[in-house]
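Here the structure is a predicted model, which means the values were calculated and not measured.
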2 protein chains.
Amino acid sequence: MDKEITIYDIARKLSISPTTVSRGLNNHPAVNKNTKQKIFDAANQMGYRSNTFASKLRKQRTNTIGVIVPRLDSSFQSSVMAGMEKVANEAGYNLIISQSLETADKEVANARTMFENRVDGLLVSLAYDTENIDHFEPFFSKGIPLLFYDRVPENKKCTSIVINNIQAAHNATSHLIEQGCKRIVHISGNLKINVYKDRLKGYKYALMDANIPIKEDYIIETSLSEQAGIDAAKQILQMNPRPDGIFVANDNCAVTCIKTLKQEGVRIPDDIAIVGFNNDSITRVIDPNLTSIDYPGYEMGEIAVRSLINYLDGVSDVSITNTITLDSELVVRESSLRKVNQPTVLSKG
Amino acid sequence: MDKEITIYDIARKLSISPTTVSRGLNNHPAVNKNTKQKIFDAANQMGYRSNTFASKLRKQRTNTIGVIVPRLDSSFQSSVMAGMEKVANEAGYNLIISQSLETADKEVANARTMFENRVDGLLVSLAYDTENIDHFEPFFSKGIPLLFYDRVPENKKCTSIVINNIQAAHNATSHLIEQGCKRIVHISGNLKINVYKDRLKGYKYALMDANIPIKEDYIIETSLSEQAGIDAAKQILQMNPRPDGIFVANDNCAVTCIKTLKQEGVRIPDDIAIVGFNNDSITRVIDPNLTSIDYPGYEMGEIAVRSLINYLDGVSDVSITNTITLDSELVVRESSLRKVNQPTVLSKG
DNA sequence: TTGTAAGCGTTATCAC
DNA sequence: GTGATAACGCTTACAA
């Protein structure tokens with residue numbers, strides 16, 4: 001392992017000062033063009049690489065953004081990460097990524113690591129069982145910008161980026177109502193998490209707006225796993241009278257639900273119409289194709305990093321204090337589109 | 001923004017030397033228990049956090065592992081990342097992740113950043129259009145361990161972790177042959193990439209072993225995109241005589257291929273049997289469920305990081321010089337399983 | 001346009 | 001057990 005080349009070595013070789021070398025390498029305007037060229041040439045030839053730690057130590061800025069994510073192996077989260085990485089990289093930032101694996105314990109440890117690593121800013125999507133955000137206190141008190149996305153805390157003081165889950169769920173449910181559904185079940189996720197809580201709200205509001213009474217039996221709280229979709233489907237098949245519409249809080253779960261219903265001879269959408277959430281690629285694989293809410297993950301990642309960097313650069317000091325809400329969109333496919341629209345229902349509206 | 005607390009502040013407060021504070025915080029055995037306790041208490045109370053940059057600058061070890069990945073938003077790659085993060089985190093390493101977006105240019109830039117950030121080791125899965133690995137030269141010459149996974153260079157000198165693509169493709173193709181297929185098409189990816197090149201080899205070897213002549217027309221090189229599956233299906237429908245088996249180098253593409261064939265009235269697996277590759281979750285969504293090769297992404301990530309850390313810790317200096325090959329497995333589902341096995345074929349064997 | 005010198009916060013070395 | 005001192009390699013006043 002040969003010795004690392006430093007700016008001192010370059011300086012010695014060119015008989016100039018380390019200061020000038022440093023300035024040259026950083027493209028400081030006040031350095032003579034020739035000198036600069038010589039410096040770059042020498043650096044390349046000698047195999048120099050900047051020591052970012054010395055630089056970060058001196059500059060007190062790390063150009064690093066931390067990300068704490070529930071799971072990396074999720075189709076939604078990996079789109080978000082892709083968007084984040086792209087913007088960060090373009091702006092010269094590194095991303096340190098860690099996953100909480102949906103547990104608060106690991107999230108606490110991750111937050112600590114991020115803090116020790118002096119990230120310039122932190123992006124967080126909360127774990128399944130995170131009940132409070134005390135572990136981010138050091139960031140608040142040190143003034144390190146902290147931005148939550150998707151799974152955000154209830155606390156309104158936090159900057160966050162979300163989609164309007166209430167509105168999206170309202171649209172999804174209203175769509176089912178327009179298709180003539182009267183008995184609509186909602187398969188929800190953990191209701192302690194903001195996104196699922198809000199989707200439930202949107203579902204309820206839509207029913208209220210259509211003067212359809214809310215039945216607590218029609219609200220099934222699940223883990224949204226593949227198995228949960230199967231279980232929920234079985235539960236629905238037992239109901240009497242049988243529901244004629246289902247709004248599921250995620251696509252994966254909706255898919256196994258559909259498969260189970262089909263196996264039992266239920267015709268979709270004619271007997272039961274179904275809407276999912278996320279617009280994952282599986283919506284176009286399942287037969288019938290699944291109506292879903294398009295949820296802009298990649299864009300959310302881009303915006304999260306861009307907001308953070310703008311704040312760090314002092315470009316914007318406003319946006320960081322607010323909640324950014326992204327648009328989402330109902331994408332109608334066969335799973336909810338009945339061939340024959342009920343004119344009676346439509347004329348009622 | 002209050003001033004950062006350093007070990008000097010703690011030392012001053014406790015009237016001891018910074019050296020002792022440093023030792024205490026690092027749990028050095030030669031420090032008095034009482035002193036240690038006092039140091040920890042003071043550190044907590046004063047809100048001290050270690051400056052990792054100063055430490056890294058001094059120690060010349062970063063506890064950081066770099067990862068360069070073609071795309072973060074891929075189901076396979078995100079499982080790999082998840083496995084990597086888990087092991088790295090447990091061992092006290094940070095992960096710096098960047099994506100090449102399948103271009104060699106970005107990969108070169110990423111490699112440079114990783115080098116400047118003095119990662120202790122680097123994990124790489126090559127971009128689509130990477131033709132050589134000169135940009136990793138600095139790692140070789142500095143003795144920084146470099147480990148390729150999945151998309152590895154042809155150069156045999158590189159340490160790499162792969163699955164046995166030849167064997168896996170051989171199994172897939174042989175399975176189709178056992179199911180009675182005589183005219184088997186292979187939908188391949190970019191043949192410059194090792195994984196696709198090897199899968200093609202496995203396909204050819206299996207045909208050879210069964211004394212089935214290889215037809216170049218039956219080898220379709222594509223981008224493996226969803227559209228590619230549609231296009232390939234159309235091309236196959238034009239062939240005369242019509243093929244009766246398809247081995248596709250990835251599941252996404254296989255799925256759109258199946259959908260297109262079904263639309264044209266082809267019965268699967270009776271008219272055409274199909275096998276994919278990756279065992280993505282969509283294999284269980286498409287109807288009929290897709291036979292595929294189970295490709296252990298999560299495990300690959302775990303092993304990659306574990307090997308690297310073992311090497312860094314001096315535990316193993318052997319494994320890093322070799323190629324690690326993981327097992328993969330053919331998972332048979334309806335898309336290739338013909339209800340009635342052809343006894344004639346079986347008795348021939 | 002270039003140089004001098006101080007300091008960022010740790011830790012390794014040597015001494016006691 | 002503890003302490004003094006000198007690096008680690010870079011940037012930035014300040015000076016020239």
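- Nearest to the side chain of B:Ser17, among C:dG9, C:dT10, D:dG3, sits D:dG3.
- Both A:Pro18 and B:Phe53 lie near DNA chain C, and the one whose nearest nucleotide falls closer to the 5' end is A:Pro18.
- Atom pair A:Lys33:NZ and C:dT1:C1' shows a separation of 15 Å (rounding to whole Å applied).
- Atom-to-atom, CZ of A:Arg58 to C1' of D:dA7 comes out at 17 Å; the value is rounded to the nearest Å.
- Residue B:Arg12 contributes atom CZ, which lies 13 Å from atom P of D:dA4 at whole-angstrom precision.
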Checklist entry - Does the pair B:Phe76 and B:Met300 meet the rule for a side-chain contact (heavy atoms from CB on, under 4.5 Å), with working shown? => result CA-CA 10 Å; B:Phe76 168 67; B:Met300 186 177 273; 4.1 Å; yes

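- Nearest nucleotide to the side chain of A:Thr6, out of C:dT10, D:dC10, D:dC8: D:dC10.
- For A:Tyr8 and D:dC10, a side-chain-to-base donor-acceptor distance below 3.5 Å is present, hydrogens and geometry of angles not being considered.
- Between the side chains of B:Asn110 and A:Asn89, at least one donor N or O lies within less than 3.5 Å of an accepting N or O.
- Residue-level contact check: A:Ser55 touches the backbone only, with heavy atoms under 4.0 Å from sugar-phosphate atoms and none from bases.
- In the interface, the side chain of A:Arg23 is paired with the base of C:dG3 through a donor and an acceptor atom under 3.5 Å apart.
- For B:Leu57 and C:dA12, the CG to C1' distance is 13 Å, given to the nearest whole Å.
- Judged by the 6.0 Å distance and 45° axis criteria, A:Arg118 is not positioned over the aromatic ring of B:Phe53.
- Here the side chains of B:Thr64 and B:Asn117 are not in contact, with every heavy-atom distance at 4.5 Å or above.
- Residues A:Thr62 and A:Asp120 have side chains that bring a donor and an acceptor to within less than 3.5 angstrom of each other.
- When each of A:Thr19 and A:Pro29 is assigned the nucleotide of DNA chain C bearing its nearest heavy atom, the one mapping closer to the 5' terminus is A:Pro29.
- Proximity of A:Asn51 to the phosphate of D:dC8: no side-chain N or O atom is located under 4.0 Å from OP1 or OP2.
- For the pair A:Glu116 CD and C:dG9 C1', the interatomic distance rounds to 14 Å; values are reported in whole Å.
- Nearest-nucleotide assignment on DNA chain D puts the 5′-proximal partner with B:Val31, out of A:Asn26 and B:Val31.
- Screening A:Lys86, A:Gln77, A:Met81 against B:Leu72 for a side chain to side chain contact (heavy atoms under 4.5 Å, CB included) leaves a single residue, A:Met81.
- OP1 or OP2 of C:dG3 sits under 4.0 Å from a side-chain N or O of A:Thr20.
- At C:dG9, one or more side-chain N or O atoms of A:Gln60 fall inside 4.0 Å of OP1 or OP2 (strictly under the cut-off).
- Residue contacts for B:Ser22: at a heavy-atom cut-off of 4.0 Å it reaches a base atom on one of the strands shown.
- A:Arg49 places its CZ atom 16 Å from the P atom of D:dC8, with the value rounded to the nearest Å.
- Summarising the geometry, the separation between CD1 on A:Ile10 and C1' on C:dT2 is reported as 17 Å, rounded to the nearest angstrom.
- The CG-P distance, from B:Asp9 to C:dT10, rounds to 9 Å in whole Å.
- Not a single donor-acceptor pair, N or O on each side, falls under 3.5 Å between the base of C:dT2 and the side chain of A:Thr35.
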